[in-house]
Amino acid sequence: MRHRLLLSAPALLILGCGQSDQPADTDATEDPDAALIARGESLEIPGDWVVPPGDPIVHATAGFAKILCSNVFLSGLDPDFAAANTGFFSSPPELRGAVTDTVVDHENRRVHLTLPDGTVRSAKVHGDQGCVALPVGESEPYYEAVAVTPNLPDPETTPWPMGDMLSDDPFPEDVDMDKVADAVAAAFDPPDALTAAFVVTHRGRLLGEGYREGISHDTPLESWSMGKSLTGTLMGVLIHKGVYDLWQSAPVPEWQGEGDPRQAIRIGDIMRMSSGLRFRAPQDPDFDPEVGYADHIYVYTGTVNSFEWAAGKDQQWEPNTVGRYRNSDPVTTNYLVRLGVEQGLGENYHQFPQRHLFDKLGIRNLIPETDPYGNFLLQGYEFGSGRDWARLGNLYLTDGVVNGERLLPEGYVDHVSTLAPAWEADGRHQYGGGFFWVNQAGQYPVPSTAFFMAGAGGQTTLIIPSHDMVVARLGHYSGSGPGRQALNRALELLMEAVPERR
C-alpha cells in the first residue's frame, strides 16, 4: 500500500534544527552564557570551521524520510501521526512543509519525499539494521544487511528480566503500591504529553508500567540520544574484554600521522564530551545558525560516512579542558567500537550489540540504525522499547554485573556517574562519563546521586541508586514540553512511594 500524507505549506528555513538533546532544566539556555563563551574563547586553538556541504532543506528532508520510515515501519505508527509528532531534532517541523509529495510504500517498506526542485530523499528498512536514509539518487545503502537474531528463550515463558513473565510475589510492605500506580498515571497526564511508555523497576523487578494506546511493552520507540549512553556501554564492554583501555590515546586512524596533536585525546575524554574537536552543534552556547548547517545534525542527515566526517575534524581545545555537547564524540566512539569489534575481536560489527550486550540483558527490541555505509548512528538513531531501556539501566544498578557475569569493568559505573572535570571547570554540573548525564544540578526531582540517559523529545532513563530504582520514559517528540512536566510529577510520587535504600 502506498500512503500519501497531507502536509502544510512550505515554512521558513530555520537552521537551528530541532529541540536540544539536553534535559530541559539544565544551565544550557537559549541566550549565550557570557562566562562560558569567554572561557572557551580564552582556551581556543586557532582554526577554521568547515561547513557541511549541501542544501539544509535537502538534508532535513533526508532526516524526515528516515524518521517516517522508522516510526511507521519499526514503531507501527500511523504515517500522518508520525509526520506531525515525531523526530523534530533532525527534521524540524518548520521544514517539513517544503515537501511537495510524500509516499509511504508499505509493500517495499520505503519512504520517498519530493522537494519543489524535483529532488527526492528516500529511506528504507534495511533488514535488521532498521531504517537507513539514502544518498540522492541511490536505491540501496552501500552495505549488505546483516541478520541479527536474539539468542534468547521465549519471552512469554521466561521470567523478567530475561523474559516478560512477571512474578506474582508481593512487593515489600514499605513500598506504597497505590502511589506507584498514581505515578504511572501521572506520567501520561495530560494526554498532550504524548508519553508512549513508562516503566519503573525496583531492585531489578518490574514495579509499574504504562503504555499509550497502540503501544506495547515490546514496541521500539524513538530514543534519540539515549543511544549515546548505549554507545558508552558498548565501549565499556570492549574495555572489559581488553580491546581498549579507558585512558589510552584514542586509536582513530585519521589521527595517527606524525605529530598529530589529536593523539593526546584519550578515549575517556571523548566519552566525557570533552574531546575538544571543532564540531558545531546547536547546543553550543555561541551557536550561530547563520554560519551554516551544523555538523551535529549533518552526521544524521548528510548520508555520508559519518565516521570519516567526525574523525576529520581538528581541535578547537585541548582535550579534557572544555565540555561541549557535540555529536563528534559519540560518533568517534562508535568508530572505535567498529574498529574494536572487527579488528580487535574479529567479529561481525552489526551483530556485536545483540550478542555481547542485549542477549545478556534480555533485550529483544532495541534496533541500532546506521548511515549508508553501515556505521551505527548511535548518537541518536536507535529505536528501543520501554522495557529494554529499563533493562539497560539496571545493568548500571548492579555495577555492570548480570546473572553473575561482569559485562562492564570494575569502577565503570562510578566513572559514568561522576561529574566530568571539563564540565565542572565550565561551571556546569551536568555531564559525567560514558555519555551519561548526572543529576548534580537537580535537573530531576530525585537525589543528586542519580544519573541518566537522555534523548531529544523527552526520552529518559534514570538510574536512582539511592532507591534501587530505574525509571524509563519514552514519548512522541511533539509532547516533550508537557511530557517533561508529567515525568517530574511521576518522579515526585515515586520518591514518596519507594523508601531509600537502608
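We're numbering straight along the sequence, starting at 1. All of these numbers come straight from a predicted model, not from anything done at the bench.
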Practice prompt. Quick one: sort the Trp423 and Tyr431 rings into parallel, tilted or perpendicular, breaks at 30° and 60°.
Written response: parallel

Worksheet item: Which is it for Thr201 and Trp160 under the side chain to side chain contact (heavy atoms under 4.5 Å, CB included) test, yes or no, and what are the steps along the way?
Response: CA-CA 11 Å; Thr201 70; Trp160 169 272; 4.0 Å; yes

Worksheet item: Heavy-atom distance under 4.5 Å between the side chains of His217 and Glu209, does that happen here?
Response: yes

Worksheet item: Can you tell me if Thr233 and Tyr396 form a side-chain donor-acceptor pair at under 3.5 Å?
Response: yes

Item to complete: Verify side chain to side chain contact (heavy atoms under 4.5 Å, CB included) between Phe435 and Met226, making sure each step is shown before the conclusion.
Response: CA-CA 9 Å; Phe435 302 117; Met226 291 203 296; over 6 Å; no

Practice prompt. May I ask you to check whether Trp224 and Phe383 place their ring centres under 6.0 Å from each other?
Written response: no

Practice prompt. State yes or no: are the ring centers of Phe171 and His202 separated by less than 6.0 Å?
Written response: no

Practice prompt. Taking the six-membered ring for Trp and the single ring otherwise, decide whether the centroids of Tyr300 and Tyr381 are under 6.0 Å apart.
Written response: yes

Can you give me every donor-acceptor pair (side chain of residues 451-459, partner residue at least two apart or in another chain, under 3.5 Å) with its distance?
{"residue": "Gln459", "atom": "OE1", "partner": "Gly475", "partner atom": "N", "Å": "2.9"}
{"residue": "Gln459", "atom": "NE2", "partner": "Ala456", "partner atom": "O", "Å": "3.3"}
{"residue": "Gln459", "atom": "NE2", "partner": "Gly457", "partner atom": "O", "Å": "3.1"}
{"residue": "Gln459", "atom": "NE2", "partner": "Gly475", "partner atom": "O", "Å": "3.0"}

Fill in: Check against side chain to side chain contact (heavy atoms under 4.5 Å, CB included), Ser225 and Gln379
CA-CA 6 Å; Ser225 287; Gln379 74 272 14; 5.7 Å; no

Worksheet, complete the sentence: Residues His429 and Glu424: closest non-hydrogen pair is NE2-CG, 4.0 Å

Practice prompt. Decide if atom CZ of Arg205 counts as having more than 12 heavy atoms of other residues, nucleotides or ligands within a radius under 6.0 Å.
Written response: yes

Item to complete: Taking all heavy atoms of Leu221 and all of Ala197, pick out the closest pair and write down the distance.
Response: CD1-CB, 3.9 Å

Worksheet item: Is the shortest heavy-atom distance from the side chain of Asn334 to the side chain of Asn375 under 4.5 Å?
Response: no

Discussion item. Are the side chains of Arg212 and Leu194 in contact, using a 4.5 Å heavy-atom criterion?
Written reply: yes

Worksheet item: So, Ser448 versus Asn439: side-chain donor-acceptor pair below 3.5 Å or not?
Response: no

Worksheet item: For Thr333, which residues count as a side-chain hydrogen bond (donor to acceptor under 3.5 Å, both in side chains) partner, sequence neighbours excluded?
Response: none

Discussion item. Ring centres under 6.0 Å, that's the criterion: do His415 and Phe436 meet it?
Written reply: no

Worksheet entry | Test: Arg391 and Asp359 ion pair at under 4.0 Å | no

Worksheet item: Passes side chain to side chain donor-acceptor pair (under 3.5 Å), Asp218 versus Ser385? Steps please.
Response: CA-CA 5 Å; Asp218 56 6; Ser385 71; over 6 Å; no

Fill in: Where Pro447 and His467 come nearest, the two heavy atoms and their spacing
CG-CE1, 3.9 Å

Discussion item. Quick check: do Arg501 and Ser466 have side-chain heavy atoms less than 4.5 Å from each other?
Written reply: no

Item to complete: Please list, chain by chain and in numerical order, all residues satisfying side-chain hydrogen bond (donor to acceptor under 3.5 Å, both in side chains) with Ser478, sequence neighbours excluded.
Response: Asn85

Fill in: Partners passing side-chain hydrogen bond (donor to acceptor under 3.5 Å, both in side chains) against Asn108 (at least two apart in sequence or in another chain)
Asp105

Fill in: Side chain Thr398, main chain Leu395, donor-acceptor under 3.5 Å
yes

Which pairs would a plain distance check flag for residues 118-132, meaning a side-chain donor or acceptor within less than 3.5 Å of a matching protein atom at least two apart in sequence or in another chain?
{"residue": "Thr119", "atom": "OG1", "partner": "Asp117", "partner atom": "OD1", "Å": "2.9"}
{"residue": "Thr119", "atom": "OG1", "partner": "Asp117", "partner atom": "OD2", "Å": "3.3"}
{"residue": "Arg121", "atom": "NH1", "partner": "Val58", "partner atom": "O", "Å": "3.2"}
{"residue": "Arg121", "atom": "NH2", "partner": "Leu134", "partner atom": "O", "Å": "2.9"}
{"residue": "Arg121", "atom": "NH2", "partner": "Thr303", "partner atom": "OG1", "Å": "3.3"}
{"residue": "Ser122", "atom": "OG", "partner": "His112", "partner atom": "ND1", "Å": "2.8"}
{"residue": "Lys124", "atom": "NZ", "partner": "Glu140", "partner atom": "OE1", "Å": "2.8"}
{"residue": "His126", "atom": "NE2", "partner": "Tyr143", "partner atom": "O", "Å": "2.9"}
{"residue": "His126", "atom": "NE2", "partner": "Ala145", "partner atom": "N", "Å": "3.3"}
{"residue": "Asp128", "atom": "OD2", "partner": "Val148", "partner atom": "N", "Å": "2.7"}
{"residue": "Gln129", "atom": "OE1", "partner": "Val146", "partner atom": "N", "Å": "2.8"}
{"residue": "Gln129", "atom": "NE2", "partner": "Val146", "partner atom": "O", "Å": "3.0"}

Worksheet entry | Any side-chain heavy-atom pair of Phe279 and Val299 under 4.5 Å | yes

Worksheet item: If only atom types and distance count, is the side chain of Asp426 paired as donor or acceptor with the main-chain N or O of Arg428 below 3.5 Å?
Response: no

Worksheet item: What is the minimum heavy-atom distance between Pro465 and Leu397, and which atoms define it?
Response: CA-CD2, 3.7 Å

Item to complete: Would you check, one step at a time, whether the test side chain to side chain contact (heavy atoms under 4.5 Å, CB included) holds for Arg364 with Phe358?
Response: CA-CA 7 Å; Arg364 295 169 173 81; Phe358 299 168; over 6 Å; no

Worksheet item: Judged by atom type as modelled, is there a donor-acceptor pair below 3.5 Å linking the side chain of Asp164 to the main-chain atoms of Pro155?
Response: no

Worksheet item: Where does the angle between the aromatic ring planes of Phe88 and Tyr477 fall among parallel (under 30°), tilted (30 to 60°) and perpendicular (over 60°)?
Response: tilted

Practice prompt. Is it possible for you to check whether Arg473 lies under 6.0 Å from the centre of the six-membered ring of Phe198, through NZ or CZ, and within 45° of that ring's axis?
Written response: no

Discussion item. Contact between Val322 and Ser274 at the side-chain level, heavy atoms closer than 4.5 Å - yes or no?
Written reply: no

Practice prompt. If a pair satisfies side chain to side chain donor-acceptor pair (under 3.5 Å) and one of its residues is in residues 175-186, list it, with sequence neighbours excluded.
Written response: Lys179-Glu496

Worksheet item: Taking side chain as C-beta onward, heavy atoms only, is Ile215 less than 4.5 Å from Leu77?
Response: yes

Worksheet item: Which is it for Arg326 and Asp284 under the salt bridge (Lys or Arg N to Asp or Glu O under 4.0 Å) test, yes or no, and what are the steps along the way?
Response: CA-CA 8 Å; Arg326 295 175 170 178; Asp284 289 343; 3.1 Å; yes

Worksheet item: Does a sphere of radius 6.0 Å around CG in Asp169 hold more than 12 heavy atoms from other residues, nucleotides or ligands, not counting ones at 6.0 Å or beyond?
Response: yes

Practice prompt. Would you please indicate yes or no on a ring centroid separation below 6.0 angstrom for His106 and Phe73?
Written response: yes

Discussion item. Could you check, using the six-membered ring where one of them is a Trp, whether Tyr211 and Phe188 have ring centers closer than 6.0 angstrom?
Written reply: no

Worksheet item: Tyr293 and Thr301: side-chain donor and acceptor closer than 3.5 Å?
Response: yes

